[in-house]
Amino acid sequence: MFQTHFQTQSLRPLTTAHLAQTMTLLSLTIDELKEQIDKELSSNPALELKEERRCPTCHRLLPERTVCPVCSRPQNAAPDEPVVFVSPREDFYTSTHVTDDCLADEQDYSPVSDDLPTFVLRQIAPELQVEDRKLAAYILAHLDEDGLLTIKPVEVAMYYHIPLSRVENVRKMIQRAEPVGVGSVSTQEALLVQIETLKDTMIVPDLARLIVSSGMHSLSHRQYAELARQFDVAVKQVQLAVKFISENLNPFPGRSHWGDMRQPSSSGVEVYRRPDIIISHLNDDPANPLVVEIVMPVCGTLHVNPLFRDAIHLATDENKDAMRNDYDRASLFVKCMQQRNHTMTRMMFCLVVMQKDFILNGEKHLKPVTRVSISKDLEVHESTISRAVSGKTVQLPNKKIVPLSSFFDRSLNVRTILKDIITQEDKPLSDSELVELLAKKGFEVARRTVAKYRSMEGILPAHLRRSISRA
DNA sequence: CTATGGCACGGATT
DNA sequence: AATCCGTGCCATAG
């Protein structure tokens, strides 16, 4: 029902080679795609990148059509249907990996958002020795989604064949940068660093420090009595110190700062990348229809250079085979690229129609959709959708960047409702009470599941929940 | 006895 | 075929 103005027939893969390459291209993220295109362009003279015209009114590049798909909507599209098209936006490309490029001073990348490593690196780059910069970048490249280090400092030192002390010096600088404590090896270290920096601006109870430095185990198990005995103070004192800790410190430095734009997926290494797809309102006016751009990392469209084809006939026999080969490769590449974009376009159209509420009104309104159902609507194999979704990110109209896979998250809506309930209700609710509240709103989940969701969102259990600071 | 986290199982998803 | 997710049961802390 959704393929109103998308013709599938003309783009069916013809050969197995075509199919295979389309599949690989489909699963590539935007950075990998650019890499692939660059490689192909530089190694194959038959391939050409043609700069296309811009739309006179909105200045978007016009890839395949002469009519701008955004300004002049296709006639057969209903007014509330989203416009989906492939958008060549090289200008949008910014370096997202932490490389030497990122370290160049005061460059304006105009990214939608920095990733966490870049964000930190910018702060400390000015005071860093030049030769320590790539060291810092390396360290920052190995943070988990909580902002903690995934490798040991010793390993870094061995990797670069430098003394451990040098690694630690750089690491100390990273830890002092915002978000404070990032780059720590453990939650304990993160907390200690935060305490040290807080000391400058406020009074830190000594007991809090003691508890963090030598009572972490008891703390995490909420054994307050044990702590009181260990430090020979009243339980009440311990509770006060714990309160201070939970209100002022954050064991997961990465979360407070970046939790908003990032979904806590446990494999979230790639989550900070710039988006593969951009969804926005035309001219950012909510009254206008949605515009969905499948971002191409190059400016213009790829096609086979017609001059090259003519030149084959003029070439010597010796060159002819090679040129023929180049030509075939180029045209295959172009076909595959079109196929890829075609699939992406159709999929996004389908997805945006179904998840319109989610895109406009937030995560609460996410409908549980499976990849299989989409594949049926589009009449493609489910693995095709899987590949198209995996690793990609989307920028929503509210400028948040989320992984495309969250469109298929079965429990995201329940989790956000849960978050809402917890932040709004002032009295700490137990898990089973939460189950009832959720049931009232029409979400049937088990008690155990609520507990899981809490830990996924980094929400503390009912005991230690007082006033959780949220930015 | 209640609240919660760990382990593991089954079914759905990829 | 491998993986992820929701859930049930059980142990443990308070």
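Sequence lines set the chain letters: A, B, ... in the order given, protein chains first and strands last, and positions in each chain run from 1. All values reported here derive from a predicted model rather than from experimental measurement. Basis for what follows: all heavy atoms, side chains included, without hydrogens, waters or symmetry-related copies.
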Quiz prompt | Short side-chain N/O contact from Ser383(A) to OP1 or OP2 of dT14(B), under 4.0 Å | solution = no

Quiz prompt | Distance below 4.0 Å between Ser411(A) side-chain N/O and dG6(C) OP1 or OP2 | solution = yes

Practice problem: Please tell me which of the listed nucleotides, dT7(C), dT14(B), dA3(B), lies nearest to the side chain of Ser430(A)? | Solution: dA3(B)

Practice problem: List the atom of Leu25(A), the atom of Met337(A), and the distance in Å for their closest heavy-atom pair. | Solution: CD1-N, 3.8 Å

Quiz item: For the residue pair Met348(A) and Ile279(A), what are the closest heavy atoms and their distance?
Solution: CE-CD1, 4.3 Å

Exercise. Find the distance Arg387(A):CZ to dT13(B):C1' and express it as a whole number of Å.
Key: 16 Å

Quiz item: Does Ile37(A) reach the side chain of Leu47(A), with side-chain heavy atoms less than 4.5 Å apart?
Solution: no

Quiz prompt | Per Ala451(A) side chain, nearest of listed nucleotides dT7(C), dT14(B), dG5(B) | solution = dG5(B)

Quiz item: OP1 or OP2 of dT4(B) less than 4.0 angstrom from a side-chain nitrogen or oxygen of Arg454(A), does that happen here?
Solution: no

Every protein N/O within reach of nucleotides 9-11 of chain B N/O, cut-off under 3.5 Å:
none

Exercise. Search all heavy atoms of Pro397(A) against all heavy atoms of Ile359(A) and return the closest pair with its distance.
Key: CD-CG2, 3.4 Å

Quiz item: Parallel, tilted or perpendicular: which fits the ring planes of Tyr138(A) and Tyr159(A), with parallel below 30° and perpendicular above 60°?
Solution: parallel

Quiz prompt | Glu382(A) CD to dC4(C) P, straight-line distance once rounded to whole Å | solution = 17 Å

Quiz item: How is Ser432(A) classified with respect to the nucleic acid when contacts are heavy atoms under 4.0 Å: base, sugar-phosphate, or nothing?
Solution: sugar-phosphate

Quiz item: Does the side chain of Tyr453(A) get closer than 4.0 angstrom to OP1 or OP2 of dC5(C) through an N or O atom?
Solution: no

Mind listing the N/O atom pairs, protein and nucleotides 6-8 of chain B, below 3.5 Å?
from, atom 1, to, atom 2, distance (Å)
dG6(B), N7, Arg448(A), NH2, 2.7
dG6(B), O6, Arg448(A), NE, 2.5

Quiz item: Taking the side chain as C-beta and beyond, is there a heavy-atom pair between Leu404(A) and Asp276(A) under 4.5 Å?
Solution: no

Practice problem: Quick one: list whatever passes salt bridge (Lys or Arg N to Asp or Glu O under 4.0 Å) with Arg171(A), sequence neighbours left out. | Solution: Glu168(A), Glu189(A)

Quiz item: Stepwise, does the side-chain contact (heavy atoms from CB on, under 4.5 Å) test hold for Asn413(A) with His365(A)?
Solution: CA-CA 6 Å; Asn413(A) 49 358; His365(A) 304 83; over 6 Å; no

